[in-house]
Amino acid sequence: MASIRRTLSPAYHHRSYGAGFSSPSHKFLPNGNNKHSSSRHLPLLFTAVNLVYRKGWRRSLCWCLFFFLIGFVFGITLFGNMDTDVRAKDFAFPELKPPHVDLRLDDQIVTSVSLGIHTRLQEPKEVDDSIGPPLKQLIVVTPTYNRGFQAYFLNRLGQVLRLVKPPLVWIVVEEKVASFETAEILRRTGVMYRHVVCTRSPSEPKDRGVHQRNAALEHIERHKVDGIVFFADDDNVYTVELFESLRTIRRFGTWPVAMLAPSRNKAILEGPVCNGSQVIGWHTNEKSKRLRRFHVDMSGFAFNSSILWDPKRWGRPYSNPIRQLDTVKEGFQETTFIEQVVEDESQMEGILPGCSRIMNWHLHLDTSNLIYPKGWLLEKNLEITLAIK
């Protein structure tokens, strides 16, 4: 029996399949009217979905895209009639004003108010000693020799020099040889020093200090050490104020010295009488010393070291070395030395106005009867000796 298979024509197939999706358009839009422009695009969306609907594994993806497009279209159309006129005043921030502050003139804490950007409160500044002209160097010359109080004298003077502001150089001169004991004391003081040896042997003990000071003057002249030269014997007593005052000397400075009389019942003054910083006279009480031109103790003056190695700067008519003389009588070494440095009182400066303050003392202690122990060490222990007694 012959069988006949009837196929649908392309026209019928398109008409029946299209009829199935032509009517449901009103289900998604209940009102059925075309108030919004998006309703015209829905048939096109259904057609696009219908073309890919037959793809089995892509069916879920198509429905997701479909609902996403519907939501997107509705989102645009619902806000299509929104007012887009955005004015600047809608985004303006409210004006912020600081609270009012009442500054009264009778307030003792707030004295001034400045609104400058770069201004700062003025705070008290600490004074820095390093700011300013550099201090003059002090050249302290000390002759010393072996005796009972030598260690005590050097240690006492070294502790005073340690309190003086630098720069300071301490030239300590010994005769014949530099002893280990003296070098050990100099190292412990913490003061910058130079240990010099005088090789010239004096004919008399009184000339010992003269040759030692000359050895120091030769050292300063040869090395052109710049500063203020001061002869400080180790058995004298000095104040720190004296050393600080020496830095004010320009050429030659002098001051009175308190000396213990030989009777040790009173003290006498030896040195200048000043009117301000001008030297107008001298203190003296001994008739034998009135023949001296300048009545000054060896530790009662100081001078600029450039006088030794730069005579043209100070207008010296001769260039002979300035040294102390051992050919004069005892007590005249000071005045004969000063006569080589200055001509008269007009070239002198009184240290501290009025020269009315005593800053060092000359005691004239007699230590000839004291035994000088070797190495400055005692053979017996002091603690054991005191315990036995």
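Because the structure is a prediction, the values reported are computed rather than measured. No hydrogens, no waters, no symmetry mates; every other heavy atom, side chains included, goes into these values.
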For Asn360 and Ile358, the nearest pair of non-hydrogen atoms, with its separation, is O-CG2, 3.5 Å

Any Lys/Arg nitrogen of [X] or [Y] sitting under 4.0 Å from an Asp/Glu carboxylate oxygen of the other?
X	Y	answer
Glu343	Arg316	no
Arg156	Asp235	no
Asp207	Arg200	no
Glu221	Arg323	yes

With a 3.5 Å distance limit and no angle check, can you tell me whether [X] reaches the backbone of [Y] through a side-chain donor-acceptor pair?
X	Y	answer
Thr199	Lys176	no
Gln212	Val210	no
Ser305	Gly227	yes
Glu244	Val240	no
Arg247	Leu135	no

Might you work through the side chain to side chain contact (heavy atoms under 4.5 Å, CB included) test for Ile220 and Ile171, ending with a clear yes or no?
CA-CA 9 Å; Ile220 295 172; Ile171 301 179; 3.9 Å; yes

For the residue pair Ser299 / Asn236, report whether a side-chain donor-acceptor contact shorter than 3.5 Å exists. yes

Glu334 and Glu339: CA distance, side-chain angles, deciding distance, side chain to side chain contact (heavy atoms under 4.5 Å, CB included) verdict: CA-CA 9 Å; Glu334 296 90 347; Glu339 290 173 3; over 6 Å; no

Residue pairs passing the ring pair (Phe, Tyr, Trp, His ring centres under 6.0 Å) test with at least one member in residues 191-222, sequence neighbours excluded, are His219-His223

So the disulfide (SG to SG under 2.5 Å) pairs with at least one residue in residues 308-360 (sequence neighbours excluded) are Cys274-Cys355

Please, which pairs that meet disulfide (SG to SG under 2.5 Å) have at least one residue in residues 155-217, sequence neighbours excluded?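 Qualifying pairs, neighbours excluded: none.
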
The residue among Phe337, Phe230, Trp314, Phe252 that forms ring pair (Phe, Tyr, Trp, His ring centres under 6.0 Å) with Phe303 is Phe337

